[in-house]
Amino acid sequence: MRMQSENLDAIIITNLKNIYYLSAFWGTAGTILVTQKAQYLLTDSRYSIAAREAAVDFEIVETREAFVEIAKLLKKEDVSQVGFEDGVTYAEFQTMQHQLAGLTLHATTSFIETQRQIKSPSEIATIKKACAISDQAFNDLLKFVEPGKTEIEIANFLDFKMRDLGASGISFDTIVASGKRSALPHGRATHKPIEFGDTVTVDFGCYYDHYASDMTRTFFVGEVSPKMQEIYHVVQQAQQAVTNISAPGLTYADYDRAARDMIETAGYGEAFSHGIGHGLGLDVHEIPYFSKTSQECLAEHMVITNEPGIYLENIGGVRIEDDLHITSQGVEVLTLAPKELIVL
Ligand SMILES: [Mn+2]
């Protein structure tokens with residue numbers, strides 16, 4: 001951990017996904033304390049057996065008052081500078097200040113999330129399974145969609161299908177936006193029925209063994225207008241350009257620009273209104289987040305999304321999103337569902 005470089009004698013980890021990342025313990029209550037000498041996982045009686053089984057490198061402390069115990073543990077060591085995660089609630093911060101009075105508390109940002117950006121081989125294997133489930137659900141969806149089915153029925157089909165295939169749940173509320181509603185980048189599924197000639201954008205993902213997938217596909221029902229066909233091909237080419245250029249060392253700005261340049265050249269710059277993507281792992285949205293100006297660089301074994309889109313109000317929208325694994329040689333595309341223009 002980065003404790004030494006940040007001059008911390010100890011750090012308190014409260015984010016449950018960071019706790020899982022460090023200890024392999026998954027629960028709804030837990031706190032990790034790491035000092036220069038030892039590492040502890042504090043949790044209550046509901047979880048102590050599970051914690052002992054999973055978090056084999058941690059000393060398990062059973063308590064309902066983690067910060068009271070942390071104060072006792074820290075008193076035994078010569079500790080003065082204590083880090084905590086800046087995502088704590090205000091109430092947790094107040095408890096911490098009260099129970100750890102006398103110690104100097106330092107808020108840290110993305111302390112563990114920074115490490116989480118670089119995935120291990122087993123994390124990548126798990127994300128691949130989550131992606132394969134999404135791929136299969138999409139392929140099955142193409143046989144299910146027909147005029148008359150509502151957006152909510154389509155969303156529910158994807159959600160149930162992913163669970164059927166072994167997912168523990170969905171990684172976010174499934175987006176289904178059809179017809180003119182496809183111009184809403186994050187249109188929530190409604191009772192609107194699919195009509196002949198509709199564009200349909202689905203953005204969905206699942207959790208498999210705690211790791212997320214996130215994929216978007218746009219397809220057409222019955223027929224596709226020349227305009228929608230045009231923007232589909234612009235997005236498809238822009239999305240492919242990003243995948244082609246991806247490799248360790250590429251700046252976040254260039255990652256974004258690869259798609260944005262093509263979309264601007266085609267005359268739709270204004271209609272690509274969001275970022276090109278984000279990191280993916282235990283959280284469906286995690287660092288890195290790509291900005292148009294960041295000079296930070298892609299690194300080997302990041303898992304990120306590539307999701308350009310064009311949204312034309314009162315006409316429709318297209319987004320195509322893949323999950324990418326950055327490799328030493330370039331990129332491995334993890335979501336493999338078809339991307340050619342599909343008219344059902
Ligand atoms: Mn996404």
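Reckoned from all heavy atoms, side chains included, excluding hydrogens, waters and symmetry mates. One-based numbering, in listed order, for ligands and for the atoms of each.
- Between R217 and D322 there is a salt bridge, since a side-chain N of the basic residue sits under 4.0 Å from a carboxylate O of the acidic one.
- Using a 4.0 Å cut-off between charged side-chain N and carboxylate O, K119 and E286 make a salt bridge.
- When the Mn ion (ligand 1) is compared with the N/O/S atoms of E307, atom OE2 turns out nearest.
- With a cut-off of 2.8 Å, the Mn ion (ligand 1) has no N, O or S atom of H285 in range.
- For the Mn ion (ligand 1), the N/O/S atoms of E321 include one lying under 2.8 Å.
- Between Y311 and H274, the gap from one ring centroid to the other is short of 6.0 Å.
- Taking the Mn ion (ligand 1) as reference, the nearest N/O/S atom within D214 carries the name OD2.
- F272 has its side chain out of reach of V235: every pair of non-hydrogen atoms, C-beta onward, lies at least 4.5 Å apart.
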